**Q** 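One structure coming up, written as structure tokens, with questions to follow.
None of the values given here were measured: they were computed from a predicted structure. These values consider heavy atoms only, across backbone and side chains, with no hydrogens, waters or symmetry-generated copies. Here, residue 1 is the first one in the sequence, and each next residue gets the next number.
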Amino acid sequence: MPSDSALRIVWIYPDLLSTYGDQGNVLVLEQRAQRRGIETETVHVRSADPVPETGDIYLIGGGEDRPQILAAARLRRDGGLHRAVNRGAALLAVCAGYQIMGSTFGGEEGQPVDGLGILDIASVRGPARAVGELVAEVDAGLGLPTLTGFENHMGVTRLGPGVKPLSRTVKGVGNGDGFEGCYAGHVVGTYLHGPALARNPALADLLLSWRVGGQLAPLDDTRYEQLRQERLNTVLAAG
């Protein structure tokens, strides 16, 4: 990102995929960038609009089956998100948005629905809904603290060789194979709500660092981290 340009954040299809407060991810990115003196510009792309290819960080959230299927079809036809990722943009895809990034996902009746193929994953409908707190230890290569969040999904996601697991589940279901989410390049997929970046600001900083370049100026999150650790301890103690 050029130093004289605003960081461009693109929120994809809030009219279809914003069921669980995932728009909070946009607000967290804006706030953490601005606290560092980084100017931001946020674009809300509704499902009838083309996806701009010049964004720096793209965000897509969760939703129900029919909006998910509609979103996948429109994103496939549009092609803008795929082109943006190919040129190096960062992407955080949550829950239904995570599944859409794969080759296929399960539709309303469990039928396979084509995804975008941005991530080397495939999802199906599982036997039971995964609902509750999720805690996961992050891949050491990313240098992030333990992730926490809330999951609410029917998906079982299988990872291919083109991606790495984002984290290993300590509590909760995640992908259904002992791992939660995945990443490849500057693309992160996860089942974490909460919103994910509000519960895990270090993940927000990782996305920012990928596009800003270099090490970010530290922020004083001392009190927040105390509260975060207390919550994490409470969740783990509950079993």
Side-chain angles (χ1 to χ4, degrees), residues 9-27 42-53 55 57-85 91-134 149-160 163 166 172-177 180-182 187-198:
I9 300 169
V10 182
W11 176 227
I12 300 173
Y13 294 179
D15 53 330
L16 295 178
L17 299 175
S18 187
T19 303
Y20 302 114
D22 294 317
Q23 187 173 348
N25 292 324
V26 178
L27 302 178
T42 300
V43 180
H44 290 218
V45 180
R46 297 181 68 82
S47 57
D49 301 328
V51 177
E53 300 174 29
I57 302 176
Y58 292 75
L59 301 166
I60 187 167
E64 304 301 327
D65 292 337
R66 289 186 181 181
Q68 180 187 24
I69 293 169
L70 179 58
R74 292 188 175 184
L75 286 170
R76 286 197 309 273
R77 288 197 301 269
D78 180 88
L81 179 59
H82 213 300
R83 291 189 291 272
V85 169
L91 166 64
L92 174 67
V94 175
C95 202
Y98 170 34
Q99 294 179 1
I100 286 173
M101 296 306 131
S103 59
T104 58
F105 60 91
E108 292 177 277
E109 304 300 326
Q111 76 278 17
V113 178
D114 288 340
L116 303 187
I118 289 176
L119 288 171
D120 183 14
I121 63 172
S123 301
V124 298
R125 291 179 70 88
R129 178 168 291 274
V131 182
E133 287 290 323
L134 197 155
F150 188 84
E151 62 179 338
N152 185 353
H153 62 93
M154 287 284 293
V156 173
T157 299
R158 299 292 180 237
L159 309 187
V163 298
L166 176 63
V173 176
N175 297 334
D177 60 355
E180 199 294 303
C182 73
V187 179
V188 175
T190 180
Y191 279 112
L192 292 173
H193 297 290
L197 299 187

**Q** Is any side-chain heavy atom of Leu59 less than 4.5 Å from a side-chain heavy atom of Ile9?
**A** yes
**Q** Side chains of Arg129 and Asn152: is there a donor and an acceptor less than 3.5 Å apart?
**A** yes
**Q** Are the side chain of Glu151 and the backbone of Gly172 linked by a donor-acceptor contact shorter than 3.5 Å?
**A** no
**Q** Is a side-chain donor or acceptor of Asn25 paired with a backbone partner of Ala196 at a separation under 3.5 angstrom?
**A** yes
**Q** Could you tell me the separation between the OH atom of Tyr13 and the NE2 atom of His44, rounded to the nearest 0.5 Å?
**A** 15.0 Å
**Q** Would Val51 and Arg83 count as a side chain to side chain contact (heavy atoms under 4.5 Å, CB included) here? Give the steps.
**A** CA-CA 10 Å; Val51 177; Arg83 291 189 291 272; over 6 Å; no
**Q** Please tabulate, one pair per line, all N/O donor-acceptor pairs under 3.5 Å involving side-chain atoms of residues 63-75, not counting sequence neighbours.
**A**
| residue | atom | partner | partner atom | Å |
| --- | --- | --- | --- | --- |
| Glu64 | OE2 | Tyr20 | OH | 3.4 |
| Asp65 | OD2 | Arg125 | NH1 | 3.1 |
| Arg66 | NE | Glu108 | OE2 | 2.7 |
| Gln68 | NE2 | Ala96 | O | 3.2 |
| Gln68 | NE2 | Gln99 | OE1 | 3.0 |
| Arg74 | NH1 | Ser47 | O | 3.4 |
| Arg74 | NH1 | Ser47 | OG | 3.0 |

**Q** Could you tell me whether the side chain of Val45 reaches within less than 4.5 Å of the side chain of Tyr58, counting heavy atoms only?
**A** no
**Q** Show the nearest heavy-atom pair for residues Ala128 and Met154, with the distance to one decimal.
**A** C-SD, 3.6 Å
**Q** With rounding to the nearest 0.5 angstrom, report the CG to CD1 distance, Asp22 to Ile12.
**A** 12.5 Å
**Q** Restricting to non-hydrogen atoms, name the atom on Leu159 and the atom on Tyr98 that form the minimum distance, rounded to 0.1 Å.
**A** CD2-OH, 3.7 Å
**Q** Quick one: are Val131 and Phe150 in side-chain contact, heavy atoms under 4.5 Å?
**A** yes
**Q** Can you confirm whether Leu166 sits close enough to Glu180 that some side-chain heavy atom of one is under 4.5 Å from a side-chain heavy atom of the other?
**A** yes
**Q** Just to verify, what does Glu133 make a side-chain hydrogen bond (donor to acceptor under 3.5 Å, both in side chains) with, not counting sequence neighbours?
**A** Arg199, Arg231
**Q** For Gly80, does its backbone N or O pair with a side-chain atom of Asp78 as donor and acceptor, under 3.5 Å?
**A** yes
**Q** Count the heavy atoms of every other residue, nucleotide or ligand shown that sit under 6.0 Å from CZ of Arg46, and state whether that count exceeds 12.
**A** no
**Q** Are Ile57 and Leu92 packed together at the side-chain level, in the sense that at least one heavy-atom pair is separated by less than 4.5 angstrom?
**A** no
**Q** Which pairs of donor and acceptor atoms, one on a side chain in residues 113-124, lie under 3.5 Å apart (sequence neighbours left out)?
**A**
| residue | atom | partner | partner atom | Å |
| --- | --- | --- | --- | --- |
| Asp120 | OD2 | Gly162 | N | 2.8 |
| Ser123 | OG | Thr157 | OG1 | 2.8 |

**Q** Quick one: sort the His153 and Tyr191 rings into parallel, tilted or perpendicular, breaks at 30° and 60°.
**A** parallel
**Q** What closest approach, in Å, do Gly24 and Pro195 show between heavy atoms, and which atom pair accounts for it?
**A** CA-CG, 3.7 Å
**Q** Looking at every heavy atom in both Gly62 and Cys95, which two are closest together, and how far apart are they?
**A** CA-CB, 4.1 Å
